[in-house]
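First listed ligand is number 1; within each ligand, the first listed atom is number 1. Predicted model only: the values in this text are computed from it and were never measured.
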Amino acid sequence: MKTLAFVAASLLALPAYAADFGSLLNKAQEAVNTYGQDAAGVVTEKSVDEERDIGRQWAETLLGAAPLWNNDKAQRYVNEVGLWLALHSERPELAWRFGVLDSPNVNAFATPGGYVFVTRGLLARMRSEAELAGVLSHEIAHVVRKHHLAAVRKAQGMSLGGKLLKQFAIKDKGNEQVNERLLGGLKEVMSRGLDKGDEYEADRMGVVIAARAGYDPYGLPGVLQTLQALGAQDSTLALMFATHPAPEARLEALDKAMGSSLDAYAAQPQLQARFQKSVGRP
Ligand SMILES: [Zn+2]
């Protein structure tokens, strides 16, 4: 694995024709600089704990629907890969947690504050650690950009302002209603999906995070090609297809954004053997 300094230095050396990725990297830097205030002023330095509280409750709801896969080795491995990737994101300081859900369906989820889940069914469709890295990085990008909170705001037309989050954090009896609204928001987001533009953004950021972390950035496109080949008729993909743009559209958008700007990073490892050894037969 290459060192962070090496990867950062080589990303700075991206050629000029990588215009899209240059601006994406700049945007990421802006996010670091303004960390503590999103566009709506919702998440301040102080309310990271509140964001995490919401995320934990959402994660518990998800785990109620599908528990963690009973395979310590695979869980540890996915956590190690995920933490390494998160360290290369714009919010390395979050208390990131990764888990494999015991579900045959093909999907991946994240909740605010740094909880990321991938299903056993999706792991079974992957061929390498670079592909796992691509999927986890896509989810990490959703958390970094707070896409879920934006989706809840949009879905419910509610203002998740600082005041509401503060009330939520106090957790007295009067806040049950607020909790219900937030959890109701989760259900809606999980069934309807995030903003399509946010999905494309997470794809673009995902390949950059994977490249920064030392992986072949074509892992995510590889998974999207697999999903494309399986097709919308495969019932294990139903929720994934209902909540995401079609793999064809995502591949096309990613291809347009990437061009050949990340080709130099394609020589970075895919780690097929380590992946197979660590996840066994999901
Ligand atoms: Zn997504």
May I ask you to decide whether [X] forms a salt bridge with [Y], counting only side-chain N to carboxylate O separations under 4.0 Å?
X	Y	result
Glu93	Arg52	no
Glu252	Lys256	no
Glu201	Lys196	no
Arg125	Asp234	yes

Minimum side-chain heavy-atom gap Trp96-Val116 below 4.5 Å =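 Contact flag for Trp96/Val116 side chains = yes.
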query = Tell me, which protein N/O/S atoms are under 2.8 Å away from the Zn ion (ligand 1)?
reply =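 Protein N/O/S atoms under 2.8 Å of the Zn ion (ligand 1): His138 NE2, His142 NE2, Glu199 OE1.
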request  = State whether a side-chain donor-acceptor pair under 3.5 Å links Gln268 with Asp216.
outcome  =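 Not at all, the side chains of Gln268 and Asp216 share no donor-acceptor pair under 3.5 Å.
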